Amino acid sequence: MCGIIGYVGYQNTVPVLIKGLERLEYRGYDSAGIACVDQKKGGLCLIKEKGKLGVLKEKLGDFTIEAHIGIGHTRWATHGEPSRANAHPHVDATGKIALVHNGIIENYAAIKSALQKKKVRFLSQTDTEVGVNLIGSYYRKSHKLFDAVKRAVVELHGFFAFVLFSKDDPDTLIAYKRSNPLVIGLGRGENFVASDVTALLPYTRQVIYLEDEDLAVITAKEISIYSLKTRSWIKRQATTVHWDVAQAQKQGFPHFMLKEMYEQPEVLKSILSKRIQKNGEIFFDTLDRKFLKRLRKIKRVSMISCGTAYHAGLVGSIAVEQYPRLPCNTQVSSEFRYGNPILDSKDLVVLITQSGETADTLAALREAKAKGAATLAVVNVVGSTIAREADAVIYTYAGPEIGVASTKAYMAQLATLLLLAFYMARGRKTIQAVELRALLREFKKMPEHCAKVLKEIKRFERCAQKHYTRRNFLYLGRGCNYPTALEGALKLKEISYAHAHGYAAGEMKHGPIALIDHEQPVICIAPDSLTYDKMISNIQEIRARDGIVIAIGTEGRKDLEKMSDDFFAIPKVPEILSPLLTVIPLQFLAYKIAVLNGRDVDQPRNLAKSVTVE
Ligand code: F6R
């Protein structure tokens, strides 16, 4: 949450900051701002506006700035409403230090009142302004920004990242990371720092991921990193990022979400080609011998994640119980971490996360590690905090996902978790080689099936047109498509702002059926499965009460088609693989309904892509 960027080097900093913020805007869009040292005027130049980045860009049209150091910010509001005063960067009381911040300073109120007693005046309601003023109070004594930050951060509680500079030293940026992500981009005669690598892709592929308690001193020529953990200057390894710049652009699609939906067959294809070897064995390159040995001793599994990733975890959990026959608990991270979970060395805790930075999932990981469980991160963003902190990591290789509503990352999580379950089943000999081979043969056809569904998806547009003004939707599914119902409802809620609720179809009679009347659309996810007949009975019950049935079923199911007001057919696949297909029409339905309602699909209100606060 909140995107931050810093630049120091030979280029004019303003366009660099703006280009970076464009790529970070998915992290928050309540306000945006930049601070730099104008070469001509010599002073600190601070420009910030409420609203999306576009408003700031327009404002910048009024200025000609020549600067070679600067910081920028795009905000997801925590402390204080979205307003110009609360927008970052924030400047200390002397007007010398400018700072951008991502995260929360938990003890800001106490520090603020202590500073107020020393006559420091505050112009905003933010915790950030407290942080910059605490640094400023130490800076006034030593005139050394590095020392001032080092002293101040010890007093600040919470999880956050800072990037700052002082106009007294317009060649040096300081960056500090505690839990919230920061990555340094290495250039020639220039250096960058940002909340994530997508902002750096136009300029460099060489990056250094900062670790917790790292304090970096960044000039155009040099990077020095001091660890507050070890109290020493340290060297951090640079890594090369392989993401494609084009993947982080819309490429002619009206929205990132739509583009990312259409990338799903390719994502599946690349996962399968990486994970299934020529000899038919499943392979995870990042799991070393030591971890594999540990995996063999596991007696229980937990899938821990948030939002869409939680839904992927529910599917993964069904697969882990069904194939390796291990008991598997699925929980949202925020409940798990405070639930005093019962864990020991025989537990495997799988943390599923696209960003690898979600605060609750990170806290859950730390809790699981502290209790001695083996931890495995299933992560999209390479080098992210969760990927680095877990005992082992499996990357999902979805590429950069920019749309706030997750689509291709979900697809990648599903595919990876299913392969993991099959892999563990093979190790535990709970699946025959021949059965696994047959299953993987079917799996390899999934990119093609996925492409077919996308090719035919436009037929579903009529359904969106019929119902887009409705405010309440129900989603029903059973077995491994109950999570699909939850995911379909979440997609619709988050981008169209209509109320949607996912239920296990068997639960209908225990309450929700009271909602059914002639105005209630019910999206029924009913591909061929063990419980197909039960789903049909549930659908009959909805029809008997005049409900509107929108069904997703297997092609050729005329019975289902006849009893539905709208029907979308998916190819026939084994039940456990069906969530990879059934979710696509639901993503499309949510997308179309949102567009027809004039919603901002890629940047829905109140949301941010990476939730780095609890
Ligand atoms: C919904 C969505 C969110 C995320 C959730 C977890 O479309 O994207 O629900 O799935 O915030 O984020 P990650 O996977 O980054 O931990």
Side-chain angles (χ1 to χ4, degrees), residues 1-3 26-28 76 102 179-181 195-198 255-258 260-261 264 303-316 330-337 349-365 377-387 389-390 393-414 416-417 475 483-484 486-497 500 502 583-584 586-591 594 599-614:
M1 281 173 158
C2 296
Y26 70 87
R27 299 177 72 91
W76 187 86
N102 169 22
S179 223
N180 289 12
S195 300
D196 85 45
V197 287
T198 48
H255 298 99
F256 277 111
M257 182 184 175
L258 191 64
E260 286 159 3
M261 276 169 56
Q264 293 180 114
M303 299 268 174
I304 307 300
S305 39
C306 303
T308 286
Y310 167 67
H311 302 150
L314 287 170
V315 177
T330 324
Q331 238 180 323
V332 290
S333 312
S334 52
E335 291 300 317
F336 175 84
R337 61 170 299 198
V349 177
V350 182
L351 295 308
I352 310 151
T353 165
Q354 187 287 126
S355 61
E357 303 294 348
T358 301
D360 282 320
T361 309
L362 178 59
L365 162 67
V378 172
V379 178
N380 190 37
V381 177
V382 176
S384 52
T385 309
I386 293 173
E389 283 198 21
V393 59
I394 297 178
Y395 288 113
T396 55
Y397 295 121
E401 187 178 66
I402 310 292
V404 165
S406 184
T407 52
K408 65 172 180 171
Y410 178 66
M411 183 65 70
Q413 287 162 350
L414 287 181
T416 306
L417 292 171
Y475 287 71
T484 313
L486 298 180
E487 175 59 8
L490 177 64
K491 283 292 90 95
L492 187 72
K493 261 185 287 215
E494 67 181 326
I495 58 170
S496 79
Y497 318 149
V583 73
I584 300 172
L586 305 190
Q587 294 168 341
F588 185 76
L589 191 65
Y591 172 77
R599 306 298 189 217
D600 190 339
V601 172
D602 284 334
Q603 295 178 343
R605 71 182 179 202
N606 307 338
L607 290 177
K609 182 91 187 143
S610 186
V611 184
T612 50
V613 294
E614 289 173 39

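Computation of the quantities below employed the complete heavy-atom set of this structure, encompassing side-chain atoms and omitting hydrogens, waters and symmetry-equivalent molecules. Not measured: the values here are computed from a predicted model. In listed order, ligands and their atoms are each counted from 1.
Looking only at distances, no side-chain donor or acceptor of N380 sits under 3.5 Å from a matching main-chain atom of A409. Of the possible donor and acceptor atoms, one in the side chain of K491 sits under 3.5 Å from a partner among the backbone N and O of S406. Counting only distance, with no hydrogens or angles, the side chain of Y410 and the backbone of V583 share no donor-acceptor pair below 3.5 Å.
Listed by number with element, the atoms of ligand 1 under 4.0 angstrom from any heavy atom of A309 are 10 (O), 14 (O). Listed by atom number, the atoms of ligand 1 under 4.0 Å from S355 heavy atoms are 13 (P), 15 (O), 16 (O). Using a 4.0 Å cut-off to heavy atoms of G307, the atoms of ligand 1 that qualify are 9 (O).
Residue K491 touches ligand 1 through its side chain alone, judged by heavy-atom distances below 4.0 Å. Only the backbone of V404 comes within contact range of ligand 1, with a heavy atom under 4.0 Å; no side-chain atom does.
Looking at residues two or more places apart in sequence or on another chain, you find a salt bridge (charged side-chain N to carboxylate O under 4.0 Å, His left out) between E401 and K609. Partners of R599 by salt bridge (charged side-chain N to carboxylate O under 4.0 Å, His left out), not counting sequence neighbours: none found.
Of the listed options S305, S406, A405, S406 places a heavy atom closest to atom 8 (O) of ligand 1.
When hydrogens are left out, the protein atom nearest atom 7 (O) of ligand 1 is E494 OE2, 2.5 Å; that is the closest non-hydrogen contact. Closest to atom 2 (C) of ligand 1 among all protein heavy atoms lies T308 OG1, 3.7 Å. Here the protein heavy atom with the shortest distance to atom 14 (O) of ligand 1 is Q354 N, 2.7 Å. The protein atom (non-hydrogen) at minimum distance from atom 11 (O) of ligand 1 is V611 CG2, 4.0 Å. Here the protein heavy atom with the shortest distance to atom 6 (C) of ligand 1 is C306 O, 3.4 Å. Protein heavy atom at the shortest distance from atom 12 (O) of ligand 1 is T358 OG1, 3.5 Å.
Counting all heavy atoms, side chain and backbone alike, P483 lies closest to L314 at CG-CB, 3.5 Å.
Using modelled atom types and a 3.5 Å distance limit, the side chains of T396 and Q413 yield no donor-acceptor pair.
With Q587 as the fixed residue, the side chain to side chain donor-acceptor pair (under 3.5 Å) test singles out one of E260, K408, Q264, E487: Q264.
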